[in-house]
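Take a look at the structure set out below.
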There are 2 protein chains.
Amino acid sequence: MDRRTSEKDGDTSAKERPTLKTLAFMTGLGVTTVSRALKDAPEIGAETRRRVQLVAKQIGYRPNRAGVRLRTGKTNVISLVLNTEREIMSFVSDIIYGVSEVIADTPYHLIVTPYSRSQDPLDPVRYLVETGSADGVIISRTQPNDPRARYMLERGIPFATHGRTDMGLVHPYHDFDNYAFAGEAVRYLAGIGRGRLALVTPPVGLTYYGHTVNGFADALSEVGASEVPFNTVSIDHSIEQIRMRTAQLMRRDDRPNGIVSSAAAATLAVVAGIEDAGLKLGRDVDVVSKQSSELLHLFRPELLVVNENFRLAGSELARAVLGWIGGADPGSLQSLSTPGEVLPYRHSQDQ
Amino acid sequence: MDRRTSEKDGDTSAKERPTLKTLAFMTGLGVTTVSRALKDAPEIGAETRRRVQLVAKQIGYRPNRAGVRLRTGKTNVISLVLNTEREIMSFVSDIIYGVSEVIADTPYHLIVTPYSRSQDPLDPVRYLVETGSADGVIISRTQPNDPRARYMLERGIPFATHGRTDMGLVHPYHDFDNYAFAGEAVRYLAGIGRGRLALVTPPVGLTYYGHTVNGFADALSEVGASEVPFNTVSIDHSIEQIRMRTAQLMRRDDRPNGIVSSAAAATLAVVAGIEDAGLKLGRDVDVVSKQSSELLHLFRPELLVVNENFRLAGSELARAVLGWIGGADPGSLQSLSTPGEVLPYRHSQDQ
DNA sequence: TTGGCAATCTGTAACGTTTCAGTATATTGA
DNA sequence: TCAATATACTGAAACGTTACAGATTGCCAA
């Protein structure tokens, strides 16, 4: 089937999307010259260059992505690899928005590559690399020894991880300083007289699990507080699980009087569990929680929160991959976001 | 630069991604034959077809997307167009997951095309169509008279809208029956003795604003309840705004004893406002709210909730676009999701 | 035997881009 | 003046795919 309208080419009739050939016809130049003029190649006369670029702008020329991709292998695509089941509730959207912000004024498109619980997390990455579907990849749920990062390093495809690895290999990442977060949380709780603390951990196996646990432990001994073990749940567990386990915990004699929670959704369940056990937040126990949107204070004013900005994470990750694609040193594309201070509740009218 | 490894082609050395040429060499057939054999064209011998497909599977042949796209114009891309600022908090991720589920075993990729508040919502759609970047488009924040839907209908590009239009034009959509939701909410509240009701509306201008308002109004007169106007906010307003306005509302003498809220985030603010005014949920006022995740009951057990499944919406929308792309009648690709019943709080242990 | 035809298979061109290997003209050095 | 060189441009080829227009073979009816 021929989608062409007019006879041969160089039709003035418009309607068809302009190509280099169209531009060549209009300017009276060769296709090669036009191509080079548009990308500021050195061997093109200054005036010609300007003329071509002017005409191109006028008629709204946009390079055909398929043409470029076929010829050069450059896809102009960044892929965000997401777990469809675990990455529950929000913050995925924040990351997407963050990434979008950065690539908005680049030729890049963002494609979302999902994988489900049952799959090997390496599958989607392997697919992307094997089919050459993206110039750069962003992954999350990073592990200390992450096969995906290793794989992509081997294949030489630029990527950035949300969270750090610990393999002795250098690659771009963005991470929230969960060591600092857990430490700050403990210190704050200790500061208001809470000396028996429990931690709702990140998912076991992910790198920031370790960071959080270490930050928690180090600060505990620093301030001389003690830990009430609470290893039966992580923030990956269901709301119901966390709620039930928390209630169990809080009914024990040696219950904690302070809890540090690594995610807002889990915190909701924790608070419910606390109240199931007949205890009162702020009186019997205090909870410091990370949150990514300003909702926890509405939930219970007594909650103590630390904000984590996932939109920023998205932007940083995008910048990192683009940087690597652009040839920057991977080691220079690592960023760590420092947690703000622990925020107690202040009603907006108080301010 | 030549990315080739071996001499001419048909190299047995692997490493390079197999193309039709590779397959042609391996099978001893022509490229054309291989191409046709892979797509079950009729003029290919049964045995040849099987042979080619076997070899293709063995060596993991995957058609080069750029080649296909350049030749046929088919992108194998679905674009989800999102407002980066308004579509706050979650449910965007649910929609993405829903879409992903459906396109997972198709050759389609999902690209996310964002636009910001300042932009004309038509911009990203125009971009997609003009550059031919997608075979199908999904849009949300649908308006009764939606320029984007009109535009895409004119250009003949398949799309589906999250929410209906009201232009007398037929196109695929998925919508939640907000008329029914608002009606059910009012009837439920009336049933528990709440006769003075206020509505926290969807964003003015979107189609489901009208649906919600009408469902609310019709049910009001049906049950003989009265409306307490609350037009100063919609769910698009900030948490602070909603909270403040609700507090104002609830301090009036003619305050409502029942509130219907169109979104979970807004409901959090509404409840905060109620409590700011010194009133108690479940005693002084009841609130029925839509929610997309099971969080509101943790927030306040007294809340009455109706669930809206955005993941389902995503799946339905994806199915709709794919259907249209596949040649189905657009009119047959419309679906409406009926709200479940209003759910009062039941602790999981009660069940 | 011949012509017709169905069944299979094939080469070429084209999609839009960039790279390679030029060509033509002007400019320079001696 | 002549050759060498720089400047500005160009056609052809290739990326991987599909559509078009054949080509080859075998078989059958006449």
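First the proteins, then the strands, lettered A, B, ... as listed; each starts at 1.
Taking the nucleotide of DNA chain D with the nearest heavy atom to each of A:E43 and B:P18, the more 5' of the two is matched to A:E43.
Look at CZ on A:R65: it is 20 Å from P on D:dT17, rounded to the nearest Å. The nearest whole Å value for the distance from the NZ atom in A:K39 to the C1' atom in C:dG16 is 11 Å. Taking atom CG on B:D40 and atom P on D:dT18, their separation rounds to 13 Å, with Å as the unit. Going from atom CG of B:N76 over to atom P of D:dT18 covers 10 Å, rounded to whole Å. Summarising the geometry, the separation between CZ on B:F25 and P on D:dG16 is reported as 16 Å, rounded to the nearest angstrom. The CG atom of A:L29 sits 20 Å away from the P atom of C:dT23 (whole-angstrom rounding). Rounded to whole Å, the distance from CZ on A:R69 to P on D:dC15 is 17 Å. Nucleotide D:dC9 holds its C1' atom 7 Å from the CD1 atom of A:I44, rounded to whole Å.
Nucleic acid contact class of A:R36 (heavy atoms, under 4.0 Å, all strands): base. Nucleic acid contact for B:G67: base, since at least one base atom lies under 4.0 Å from a heavy atom of the residue.
Taking the side chain of A:L70 as heavy atoms from C-beta on, and the options D:dC15, D:dT18, D:dC9, the nearest nucleotide is D:dC15. Out of C:dT17, D:dC15, D:dG16, the shortest distance to the side chain of B:K21 is found at D:dC15. The side chain of B:S35 lies closest to D:dT18, out of D:dT10, D:dT18, C:dC9.
Put simply, A:T33 has a side-chain N or O that comes within less than 4.0 Å of OP1 or OP2 on D:dT10. One finds a side-chain N or O of B:T48 lying less than 4.0 angstrom from the OP1 or OP2 phosphate oxygen of C:dC9.
Annotation: side chain of B:R51 is in contact with side chain of B:L29 (closest heavy-atom distance under 4.5 Å).
The aromatic rings of A:W324 and A:F159 lie tilted to each other, with the angle between the two planes from 30° to 60°.
At a cut-off of 3.5 angstrom, counting only N and O atoms as typed in the model, there is a donor on one side and an acceptor on the other between the side-chain of B:T32 and the base of D:dA19. A donor and an acceptor atom never sit less than 3.5 Å apart when one is taken from the side chain of A:R71 and the other from the base of C:dT17.
At least one donor-acceptor pair under 3.5 Å links the side chain of A:R65 to the backbone N or O of A:P107.
When the side chain to side chain donor-acceptor pair (under 3.5 Å) test is applied to B:T106, no partner is found at least two apart in sequence or on another chain.
A donor atom on one side chain and an acceptor atom on the other are not found under 3.5 Å apart for B:S100 and A:T84.
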